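The structure appears below as structure tokens.
From a predicted model like this one, the values you see are computed outputs, not experimental measurements.
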Amino acid sequence: MPSFTRPFDTAIDTLHAYYHALAESRLEDIMALWVDEDATSFITANGILFNGLDTIRSNLAQQFEYGAPKIQVLDTRSYESPSTAIYIVTEAHNSINPDEQPKLVLTTYVLVQECGKWRISHIHASAIPERTIESFANGGLQQNQGPLH
């Protein structure tokens, strides 16, 4: 059994396993990290919604045909309870095409405990608008200057 299909002690262990399997395009290992419920969902940075494990699996399989995504974690915020964990992660998504600039993405991961194991229940990714990135680069966001994503 692969090392990251074992029960994880913490939710962050599951998230690290997700990033590791994603970087290596290991579809079955990624799918083993999801909670087995019909209500699972994944919203991509392009705004596309995938509901259910079969649809998520199909989307990831198509994505892996073009190569492993290169994601760099820039910042992580977490909110945890005994049975639910929410991670809000700022990520740099690097294109397979070396001529393209990385895209900054704000991704929310919702994990729940299922039979003592931490599993992914929902992922929602949003591209951070260029104007927001420029605002941070120029000294930070001023109040009431628009959404972060």
Side-chain angles (χ1 to χ4, degrees), residues 1-130 132-137 141 147-149:
M1 175 167 37
S3 63
F4 44 82
T5 58
R6 66 174 169 70
F8 295 102
D9 294 331
T10 65
I12 196 69
D13 292 335
T14 300
L15 188 57
H16 287 155
Y18 173 79
Y19 281 121
H20 182 73
L22 191 63
E24 296 182 1
S25 299
R26 298 200 309 213
L27 182 60
E28 293 310 313
D29 292 337
I30 291 171
M31 296 313 298
L33 297 171
W34 284 82
V35 68
D36 189 15
E37 292 182 5
D38 292 335
T40 57
S41 58
F42 182 10
I43 301 172
T44 68
N46 297 332
I48 301 169
L49 169 63
F50 297 100
N51 281 313
L53 293 176
D54 292 337
T55 308
I56 293 168
R57 178 190 308 277
S58 175
N59 171 58
L60 289 172
Q62 287 178 350
Q63 182 180 359
F64 292 161
E65 289 178 9
Y66 300 101
K70 294 171 179 54
I71 298 175
Q72 179 184 1
V73 173
L74 303 175
D75 184 56
T76 303
R77 310 287 171 155
S78 65
Y79 307 90
E80 299 180 26
S81 74
S83 62
T84 305
I86 300 170
Y87 293 94
I88 301 168
V89 184
T90 305
E91 304 167 335
H93 289 208
N94 297 292
S95 173
I96 295 169
N97 180 350
D99 295 332
E100 290 184 29
Q101 292 291 328
K103 180 176 13 175
L104 290 181
V105 175
L106 188 65
T107 305
T108 302
Y109 297 90
V110 178
L111 292 91
V112 296
Q113 269 199 336
E114 178 184 62
C115 300
K117 302 174 185 177
W118 285 100
R119 297 287 184 229
I120 299 168
S121 172
H122 175 73
I123 298 175
H124 183 167
S126 297
I128 299 174
E130 193 65 38
T132 303
I133 296 167
E134 290 172 7
S135 293
F136 278 113
L141 260 180
L148 291 176
H149 61 99

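In this structure, the separation between CG on Asp54 and CE on Met31 is 7.5 Å, given to the nearest 0.5 Å. Annotation: the span from Ser126 atom OG to Asn46 atom CG amounts to 10.5 Å, rounded to 0.5 Å. Note that CG of Leu33 is 11.0 Å distant from CD of Glu28, once rounded to the nearest 0.5 Å. Rounding to the nearest 0.5 Å places CG of Asp13 at 14.5 Å from NZ of Lys117. Remark: Phe42 CZ to Trp34 CH2 distance equals 6.5 Å, nearest 0.5 Å. Residue His124 holds its NE2 atom at 13.5 Å from CD1 of Ile86, rounded to the nearest 0.5 Å.
With hydrogens and angles ignored, the 3.5 Å screen pairs no side-chain donor or acceptor of Tyr109 with any backbone N or O of Ile120. Judged by distance alone, the side chain of Thr14 and the main-chain N or O of Trp118 form a donor-acceptor pair under 3.5 Å. Side-chain atoms of Thr55 come within 3.5 Å of backbone atoms of Asn51 as a donor-acceptor pair (strictly under, hydrogens ignored).
In terms of heavy-atom proximity, Leu27 sits nearest to Ala61 at CD2-CB, 3.9 Å. Across Glu80 and Tyr87, no two heavy atoms sit closer than the pair OE2-OH, 2.9 Å. What you find for Asp29 and Ala21 is that their closest heavy atoms are CB-CB, 4.0 Å. Minimum heavy-atom separation, Ala11 to Leu111: O-CD2, 3.7 Å. The two residues Leu106 and Ile128 come nearest to each other via the heavy atoms N-CG1, 3.8 Å.
Residues Ile71 and Asn94 fail the side-chain proximity criterion, which asks for heavy atoms closer than 4.5 Å. Counting heavy atoms from C-beta outward, Ile56 and Thr40 have side chains that approach closer than 4.5 Å. With contacts defined as side-chain heavy-atom distances shorter than 4.5 Å, the pair Tyr19/Val89 qualifies. You'll find the side chain of His20 reaches within 4.5 Å of the side chain of Arg26, heavy atoms only.
A donor atom on one side chain and an acceptor atom on the other are found under 3.5 Å apart for His122 and Ser41.
Few gaps surround CG on Asn59; more than 12 heavy atoms of other groups in view lie less than 6.0 Å from it. Counting heavy atoms of neighbouring residues, nucleotides and ligands inside a 6.0 Å radius, atom CG of Asp38 does not exceed 12 of them.
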- Kindly determine whether Ile88 and Asp75 satisfy side chain to side chain contact (heavy atoms under 4.5 Å, CB included), including the steps that lead there. CA-CA 8 Å; Ile88 301 168; Asp75 184 56; over 6 Å; no
- Could you please spell out the steps behind the side chain to side chain contact (heavy atoms under 4.5 Å, CB included) verdict for Ile123 and Thr108? CA-CA 6 Å; Ile123 298 175; Thr108 302; over 6 Å; no
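Lys103 and Glu91 are not joined by a salt bridge, as no carboxylate oxygen comes within less than 4.0 angstrom of a charged side-chain nitrogen.
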